[in-house]
*Asks:* 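I'd like to ask some things about the structure below.
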Amino acid sequence: MALLENPLEHPEKFHISKDLGFILEDPLEELPDRYQVWVKLAKNLPTLVEEGQFREEAEQLPELSIDELQGYKEQRLAHLALSVITMGYVWQDRNVKEVLPRNIAVPFWNLSEKLGLPPIMVYADCVLANWKKKDPLGSMTYDNMDTLFAFPGGDCSKGFFLVSLLVEKAAASAMKVIPDIFEAVKKKNSESLKESLQSVASSVYEAYKTFQLVHEHVNPNDFFNILRVYLAGWKNCSLLPKGLIYEGVSEIPKEFAGGSAAQSSIMQCFDALLGIQHTTENGNAKYLEEMRNYMPSPHKIFLEAVASHSSVRDFVSSSDDIQLKKAYNECVKALVHIRNYHLQVVNKYIISPSSKQDSEKGQKSSDDEVKGTGGTNLLIFLRSVRDTTKRALLEES
Ligand code: HEM
Ligand SMILES: N[C@H](CC(=O)c1ccccc1NC=O)C(=O)O
């Protein structure tokens, strides 16, 4: 990636696809022979965890240099495979591992630095790069897709990761109009801006409709009690209070947040484009900014460019074109709608199973005790992000 390129003019140089947005197009499924041991072990994770043998197999891996990984797609597949191995190694059972052995830790740390990612499984691994078509000539529909790697819980991880991917794909259809939006604001062309904003709003509504697939493909109890264990991180984590030691890298434990779609670039892209600024008082803005460090660095650079160059909100606010204000507000309403729906999903997939678990243990967690794997007090955080979005609506007079 040429660092001097303008990301807004050449998103393709920042690994952003005009059709799929931040999704990794046609991910590789295999690595060169010497690295295929990582792919093979990661693919066998569910069976080996079931047999209680995963850690033992992981400890047999050779320690490999990352220098012979050729090209971006090999690096992304290797990071995905090593991230799956790492989550399996740490969380295989309640005897949680505090040290990641050097044969995994050293290549994973070095490759993470090269990609601008943390050495933990991120959304860009398990969602954006973890997919293939069954029939390569077919379309990207749920029935023609599978994940490259899975976690224990049967088809739960396939459902969870693929639905998230399809939501991302639906939202990504807005990406192609971003250059038109910047051009329209630059040329003060209200008609063109109105049209582009209308297509952004429809993309977000398409994403909301696709999100409903989660109920068909993900079982709440399997998600909460099995899969979600492997999404957890080691930052403010009671089971790994100091973090994880990456052997061969540092004797000092390191803390990293667990997976979350708060690491999704497309949603942060909409906020940046529309000038929706999340609150600083309660730490929401800081958290979302921190999550940009969990995105591939080219995507983070693109988001920062959109945030620093977008004056859509200012242009629409100062315009007396009511229809333009309505088009802007349609985008904001669509984001409020999907964030409200997301809260319903979170209630079904986290809050309800968590309350059921509490009552079985005779406990009661308050709203600010239920944490997301990304580290937030999830209900407080998600309601607040939704409310800030709602406050971004402009007066239509
Ligand atoms: C069963 C499915 C899901 C669950 C249980 C879930 C849970 C959560 C939780 C707990 C958070 C708070 C941050 C954290 O601590 O991790 C969060 C944040 C977020 N999630 Fe989800 N999520 C799900 C699916 C999705 C999907 C499919 C998307 C869209 C691709 C998404 C987009 C977001 C975004 C953008 C945030 C940051 C807050 C915001 O911008 O509104 N989530 N999610
Ligand atoms: N924050 C998680 C949900 C979660 O980790 C997630 C949600 C949607 C897509 C991907 C992920 N995770 C990894 O990328 C929770 O608290 O359940």
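One-based numbering, in listed order, for ligands and for the atoms of each.
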*Asks:* With heavy-atom distances below 4.5 Å as the criterion, would you say the side chains of Leu77 and Phe149 are in contact?
*Replies:*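 Heavy-atom side-chain distance check passes, below 4.5 Å.
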
*Asks:* For ligand 1, is any non-hydrogen atom under 4.0 Å from Tyr208's backbone (N, CA, C, O), its side chain (CB onward), both, or neither?
*Replies:*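 Contact part for Tyr208 vs ligand 1: neither.
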
*Asks:* Salt bridge or not for Asp271 and Arg339, using N-O below 4.0 Å?
*Replies:*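 Salt bridge flag = yes for Arg339 with Asp271.
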
*Asks:* State whether Arg55 and Asp93 are salt-bridged, where the test is any N-O pair (Lys NZ or Arg NE/NH1/NH2 against Asp/Glu carboxylate O) under 4.0 Å.
*Replies:*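 Yes.
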
*Asks:* Could you pull out, from Phe211, Phe160, Phe161, the option with a heavy atom nearest to atom 27 (C) of ligand 1?
*Replies:*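 It is Phe211 that holds the nearest heavy atom.
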
*Asks:* So if I count the atoms of ligand 1 from 1 in the order they appear, which ones are less than 4.0 Å from some heavy atom of Phe223?
*Replies:*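 Answer for ligand 1: 5 (C).
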
*Asks:* Taking N or O atoms only and a 3.5 Å limit, does Thr376 qualify as a polar contact for ligand 1?
*Replies:*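 Looking only at distances, the answer is yes, because the N/O contact criterion of under 3.5 Å is met.
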
*Asks:* Could you list which atoms of ligand 1 come closer than 4.0 Å to a heavy atom of Tyr123?
*Replies:*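 In order of number, 30 (C).
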
*Asks:* Please test Asn130 against Thr147 for side-chain hydrogen bond (donor to acceptor under 3.5 Å, both in side chains), starting from the C-alpha separation and ending with a verdict.
*Replies:* CA-CA 5 Å; Asn130 183 25; Thr147 52; 4.7 Å; no

*Asks:* For ligand 1, which part of Asp271 has a heavy atom less than 4.0 Å away: the side chain, the backbone, both, or neither?
*Replies:*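 It is neither part, as no heavy atom is under 4.0 Å.
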
*Asks:* Apply the test ring pair (Phe, Tyr, Trp, His ring centres under 6.0 Å) to residues His337 and Tyr205: give CA-CA distance (whole Å), side-chain angles for both, the deciding distance (0.1 Å), then the verdict.
*Replies:* CA-CA 8 Å; His337 193 69; Tyr205 274 116; 5.7 Å; yes

*Asks:* Just the protein N/O/S atoms under 2.8 Å from atom 21 (Fe) of ligand 1, please, no waters.
*Replies:*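 His342 NE2, with waters left out.
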
*Asks:* Which of parallel (below 30°), tilted (30 to 60°) and perpendicular (above 60°) describes Tyr246 and Trp234?
*Replies:*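 Because their plane-to-plane angle lies in the 30° to 60° range, the rings of Tyr246 and Trp234 count as tilted.
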
*Asks:* For a distance cut-off of 3.5 Å, show me each N or O of ligand 2 paired with any protein N or O, plus the separation.
*Replies:*
from: ligand 2; atom 1: 1 (N); to: Thr373; atom 2: OG1; distance (Å): 3.0
from: ligand 2; atom 1: 5 (O); to: Gly259; atom 2: O; distance (Å): 2.9
from: ligand 2; atom 1: 5 (O); to: Thr373; atom 2: OG1; distance (Å): 3.2
from: ligand 2; atom 1: 16 (O); to: Arg228; atom 2: NE; distance (Å): 3.3
from: ligand 2; atom 1: 16 (O); to: Arg228; atom 2: NH2; distance (Å): 2.8
from: ligand 2; atom 1: 16 (O); to: Thr373; atom 2: N; distance (Å): 2.8
from: ligand 2; atom 1: 16 (O); to: Thr373; atom 2: OG1; distance (Å): 3.3
from: ligand 2; atom 1: 17 (O); to: Arg228; atom 2: NE; distance (Å): 2.7

*Asks:* Heavy-atom distances under 4.0 Å are what count here, so tell me which part of Phe224 touches ligand 1: side chain, backbone, both or neither.
*Replies:*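 Answer for Phe224: neither.
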
*Asks:* Measure from the side-chain N and O atoms of Thr373 to the backbone N and O of Gly259, and report whether any donor-acceptor pair falls under 3.5 Å.
*Replies:*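 Yes.
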
*Asks:* Should Glu63 and Arg102 count as an ion pair when the cut-off is N to O under 4.0 Å?
*Replies:*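 Salt bridge flag = yes for Arg102 with Glu63.
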
